[in-house]
There are 2 protein chains.
Amino acid sequence: MTIKDVARLSGVSASTVSRVLNNHPDVSESVREKVLQIIDELHYVPNNSARDLVRSGEDTVGVVVRGAENPFFTGLIRSVEQEIEKAGYAMVLHQIKSGDDELAAGAELARSKRLCGLIFLGGSFDYTADRTAALGIPFICCSYSNSFGTLEKSSYSSVSINDEEEARRAVKYLTDRGHQKIAVLLDSVNDHSVSELRYRGYCRALEEAGIDPDPDLTEETHVYDLPAAYEGMKRLIGRGKDFTAVFATADSFGIAALKALNEAGKKVPEECSVIAIDGIEMSRYSIPTLTTLVQPVEEMGRKAVNILMDVIEGKDRTAHVYVKTDLREGGTVKAI
Amino acid sequence: MTIKDVARLSGVSASTVSRVLNNHPDVSESVREKVLQIIDELHYVPNNSARDLVRSGEDTVGVVVRGAENPFFTGLIRSVEQEIEKAGYAMVLHQIKSGDDELAAGAELARSKRLCGLIFLGGSFDYTADRTAALGIPFICCSYSNSFGTLEKSSYSSVSINDEEEARRAVKYLTDRGHQKIAVLLDSVNDHSVSELRYRGYCRALEEAGIDPDPDLTEETHVYDLPAAYEGMKRLIGRGKDFTAVFATADSFGIAALKALNEAGKKVPEECSVIAIDGIEMSRYSIPTLTTLVQPVEEMGRKAVNILMDVIEGKDRTAHVYVKTDLREGGTVKAI
DNA sequence: CCTGTTTCCGGGAACGTTCCCGGAAACGTT
DNA sequence: AACGTTTCCGGGAACGTTCCCGGAAACAGG
């Protein structure tokens, strides 16, 4: 069942059928109707591979995302998708596992689908210029971390929150309310991820408040998921060290922390406050509602796509924009 | 950057490069090395469109899923993906919005990517035989509902829980514990979805317990998401009708219900019990832990793929298997 | 040295589209 | 009536692969 079958059955050439398919004006109304009828009868659907092959797919941008298990990204992806469509481009999504090389994945995607641009969502982004050069097309990082600064800022763009600064703000929110012994729940102190950046912000906030960070109040999960965070929080509690608040480097961690605290009989926020960063949908429905710094995902998606489009269309403006979070006061923080 | 560039640079023909790419034995070791080196230097990646075009992609199965916003599916998708890979096939995922025609989406996917099989995840499945015939390839429905029975069972396969029966079981769990006034939170009573089937099970359980269903205790959300379910539960509470338990037709609804009840000052489970169906990961971390009937997603994915593979490989065995849920007792149900 | 076999490689058709180009009508204009 | 213009259509190259087929070496056995 090819375009030729349709052409034969409707008594026209393949070219004409193609024109009907891509509603090109150069086709008479009667012929168009006839062809459409045959197409409908045959349940014909054009072959995408052949299509992509010939038109070299210069109108689609790839999105590679690390950690689809992180619910924060679903909102971001939705936003990005919407913006890409609005810009008249197509989108192809590629999810990678936590261990994978995102740059390699991006390069593969770029060649294989002939993309015109690439968006990296999440993960760390510490690559040297010659590695990114292999991509050969414009790209932008969104909600990323580049803790090493290995890549000169001029060679690419980025959109994200200032993770360190926002984390500082979150923790300051706690110290401002009298909290001194603040535990932290994070992914890993040196995984080059946003979690690490947020941890730094945590340290800075403590420092500014004249508090010495207590290693016993730091708990790393080493894997990004709910069970790990939950177990981490249990270990923290089991350690017997006293603390009046916990800073969760992600909403998911916050929710898991809430659960562990509840099971340990520690009331939130009376006996222990909790604050997090992200603002995923589910955190609105935790009990109590999680107090968190919500990331403006729509704005992030929009800006990321806009900048990328500008670069694609020649106006070369690489940019590194920081967007601000919005503090959503739930019911998990109490002054002491 | 095509296969010909690689061929030219390494002094061989395109055929040879192709052989190296698909590690065909008919190539000497020295040539293979040379070619691989050039490939590496050029960062060459074969064009997938061209590849798919020629080998007609007879080794990939399509998965169309309605409602990716439903976290239940993420687990199911993961399971299906794993099994498909294990069977040596590739998978292509296609998400559709709630209003879309899944059969049309499936058909399009099938033609356009030349699939060998199709898996439909979620949604209703009420189509006539001539419509499904348009697909032209074997397919299976997983976690679906076919409330109308419009399609003869012999023409396709399915794997799911018996939604009506499991819902009956859930509600019976409540009536067995003395509950009489049981509210229900569902998507819509006649959307042909699993929610409707579960609603029927709810009615049956009440009937068996000699309880008259009270329309005032039924709340429909008409859209599948957390805010809608939350608002629904608020309306239910606001109605002022007394109830001692609520049956949520999905875990997400249960979590939203928990929140609404909490805000209304109704203690769970002391003043109101909650039971749901699905078993999504997040429901383990609600406070209290949601009591729910968890669907065996790994088993479902495995069976769905196995049956589909058998059909694809000729052994024609259409089957309709029901898998059983597993009651996970959390802390949201209390006898009265 | 001849012949048969194996190993390796290149040529070229095919996959299903799109799109440029050229041409044939049909229509208008002087 | 002759000539431009417009409208519509078909031919055919091109996209980047795979894979069959045929052939050239290299090698074996007699």
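Only a predicted model underlies this, so the values are computations on that prediction, with no experimental measurement involved. In what follows, chains carry the letters A, B, and so on, assigned in the order in which the sequence lines appear, proteins first and then strands, with residues in each chain numbered from 1.
In this structure, B/N48 reaches neither bases nor backbone, as no heavy-atom distance under 4.0 Å exists between it and the strands shown. Within the nucleic acid shown, A/S15 comes within 4.0 Å of at least one base atom, counting heavy atoms only.
For B/V31, whose side chain is taken as the heavy atoms from C-beta onward, the closest listed nucleotide among D/dC9, C/dC9, D/dT18 is C/dC9. When distances run from any side-chain atom of A/S28 to the nucleotides D/dG16, C/dT17, D/dC9, the shortest one goes to D/dC9. When distances are taken from the side chain of A/D26 to each of D/dG10, C/dC9, D/dC8, the shortest belongs to D/dC8.
A donor-acceptor contact closer than 3.5 angstrom links the side chains of A/Q37 and A/E41.
Phosphate contact (OP1/OP2 of C/dT18, side-chain N/O of A/R19, threshold under 4.0 Å): absent. Remark: B/N47 is not in phosphate contact with D/dC15, judged by side-chain N or O atoms under 4.0 Å from OP1 or OP2. Residue A/Y44 places at least one side-chain N or O under 4.0 Å from the OP1 or OP2 atom of C/dT17. Close to D/dG16, at under 4.0 Å from its OP1 or OP2, lies no side-chain N or O of B/T2. For A/S49 and C/dG16, the shortest distance from a side-chain N or O to OP1 or OP2 is not below 4.0 Å.
The two residues B/M1 and B/Y44 make their nearest non-hydrogen contact at CG-CD1, 3.7 Å.
The nearest whole Å value for the distance from the CG atom in B/D52 to the P atom in C/dG16 is 13 Å. As rounded to whole Å, 14 Å separates atom C1' of C/dC19 from atom CG of A/L53.
Atom CG of residue A/L118 and atom SG of residue A/C141 lie 9.0 Å apart, to the nearest 0.5 angstrom.
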